[in-house]
There are 2 protein chains.
Amino acid sequence: MSQVQEEPKVAKDTKEKILRAAMDLMALYGYKGASVRKIAKAVGIRESAIYNHFKNKEEIFKTILASLFTTPFDDFFENHPPEKDAIEGKNYLMKFAATIKELSFDARNEKLFRIIMLEIMQSDEVRKQFLKYFFDENIKKLSTAFFVMMQHALIRSGDPILMAQEFFAPLFYYRLEITLFRMDERPTHSLSSIFEKHVDFFWEGIAL
Amino acid sequence: MSQVQEEPKVAKDTKEKILRAAMDLMALYGYKGASVRKIAKAVGIRESAIYNHFKNKEEIFKTILASLFTTPFDDFFENHPPEKDAIEGKNYLMKFAATIKELSFDARNEKLFRIIMLEIMQSDEVRKQFLKYFFDENIKKLSTAFFVMMQHALIRSGDPILMAQEFFAPLFYYRLEITLFRMDERPTHSLSSIFEKHVDFFWEGIAL
DNA sequence: GTCTATAGAGAGATAGAC
DNA sequence: GTCTATCTCTCTATAGAC
């Protein structure tokens with residue numbers, strides 16, 4: 001409508017559509033299972049037209065990957081820096097768990113999580129990024145939070161990194177469980193309060 | 001050598017070889033990636049010869065699956081029935097964790113775990129079995145153990161099922177971490193004591 | 001039970017007309 | 001930028017000789 005964006009209107013649109021369709025299909029069938037044929041069909045164009053927008057199939061995947069790991073975790077720790085906010089103690093953990101919960105029940109984010117779990121054993125890049133975010137950065141930030149809590153004598157002392165892992169692991173486990181339940185169309189409402197329960201249980205084990 | 005096994009010597013041998021090769025390849029490349037061609041090549045026969053032993057590729061997979069979930073977990077709980085042995089308290093949990101640790105560092109079992117993680121989002125059967133063993137039976141038995149411990153006032157009271165999940169989740173998480181590290185040939189010795197550390201940490205949080 | 005040969009489907013990708 | 005047409009490769013599976 002405005003004067004600003006003009007020229008590549010349709011082109012950009014198609015490229016977006018391709019990415020969208022590819023993401024949907026890859027979340028369902030994995031990289032291999034999401035063939036260029038199927039992607040093209042889902043978009044409503046021929047296979048050859050795909051190659052006007054991407055060099056090859058792998059480039060499509062890489063583009064999706066790039067968006068995969070611009071993770072909301074960063075957002076959380078930016079909005080809630082552990083050095084500053086961790087003195088909130090249990091409340092801080094509750095906020096973190098709530099973020100994971102939100103992601104678990106968010107449609108787009110579930111797609112991303114599925115692609116990650118589908119390709120984690122196959123794609124070096126996915127695995128690398130997964131380890132970086134799920135096992136490194138997250139744990140690092142969380143361990144800072146626990147360190148702060150220890151300093152303020154909110155919790156018993158111990159190895160902050162171990163504590164961070166112990167806190168994070170069940171959240172990951174529950175999130176995986178939700179995804180798997182969904183795939184079998186099993187109800188997940190029984191899991192909706194599990195994140196809060198986890199924080200309650202965990203806090204009771206470490207609080208002074 | 002003995003007189004007993006005679007006739008289907010070679011046949012049974014080839015069938016075994018096929019299963020072995022298929023398992024190796026599927027642990028590396030997944031179901032789709034382990035083509036009949038590759039399996040045949042690994043065995044040292046032609047593709048067509050495969051079909052003398054199995055109706056089709058899926059039957060090979062199903063045969064492997066059947067062996068996948070004749071799990072050592074059953075062994076553990078048979079050898080250490082929670083109703084009886086859980087009064088050992090922390091020691092009981094230590095034994096359980098040691099079993100998971102063993103499985104994590106056992107070559108054959110790692111292959112099975114990889115196949116599970118590779119196909120969990122693709123194969124209904126794998127997912128079903130996974131949920132059954134990792135999320136249901138295991139948790140059920142463990143929750144019995146925690147219930148017993150509560151009754152004997154070894155640990156604080158609470159929901160035994162939640163406690164079982166909270167105890168099990170990190171073990172699963174660490175096992176996954178080990179598998180992923182291995183795939184990138186990252187050293188895992190730093191993780192060798194993590195299972196014991198988990199039990200220590202967890203016990204401190206629930207012990208009375 | 002293994003082989004050669006081949007069918008038939010689906011994959012990724014390119015050439016060239018419009 | 002999209003189309004038709006086509007290439008080439010790989011896949012699962014079968015037929016039939018030995």
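Basis for what follows: all heavy atoms, side chains included, without hydrogens, waters or symmetry-related copies.
- Residue pairs meeting the side chain to side chain donor-acceptor pair (under 3.5 Å) criterion with at least one member in residues 30-40 of chain A, sequence neighbours excluded: R37(A)-E47(A).
- Aromatic ring pairs are classed by plane angle as parallel below 30°, tilted from 30° to 60° and perpendicular above 60°; the pair F168(B) and F172(B) is parallel.
- As rounded to whole Å, 18 Å separates atom P of dC11(D) from atom CD of E58(B).
- Distance K32(B) NZ to dA9(C) P: 18 Å, rounded to the nearest Å.
- Scored by the side-chain hydrogen bond (donor to acceptor under 3.5 Å, both in side chains) test, R114(A) finds no partners at all (sequence neighbours excluded).
- Between R46(B) and dT4(C) there is a side-chain polar atom (N or O) within less than 4.0 angstrom of OP1 or OP2.
- One atom, CZ of F61(A), and another, P of dG12(C), lie 13 Å apart when rounded to the nearest Å.
- Between R37(A) and the phosphate of dG10(C), there is no side-chain N or O to OP1/OP2 separation shorter than 4.0 Å.
- In this structure, the CD atom of E47(A) is 15 Å from the C1' atom of dA15(C), given to the nearest Å.
- Put simply, S48(A) has no side-chain N or O that comes within less than 4.0 Å of OP1 or OP2 on dT14(C).
- In this structure a side-chain-to-backbone donor-acceptor pair under 3.5 Å is missing from D184(A) to R186(A).
- Atom P of nucleotide dT12(D) and atom OH of Y51(B) are separated by 6 Å, given to the nearest angstrom.
- The nearest whole Å value for the distance from the CE atom in M26(B) to the C1' atom in dC11(D) is 14 Å.
- Separating the CG atom of N56(B) from the C1' atom of dA13(D) is a distance of 9 Å, rounded to the nearest angstrom.
- Between the P atom of dA9(C) and the NZ atom of K57(B) lies a distance of 19 Å, rounded to the nearest Å.
- Using a 4.0 Å cut-off, no side-chain N or O of S35(A) falls inside it from OP1 or OP2 of dG10(C).
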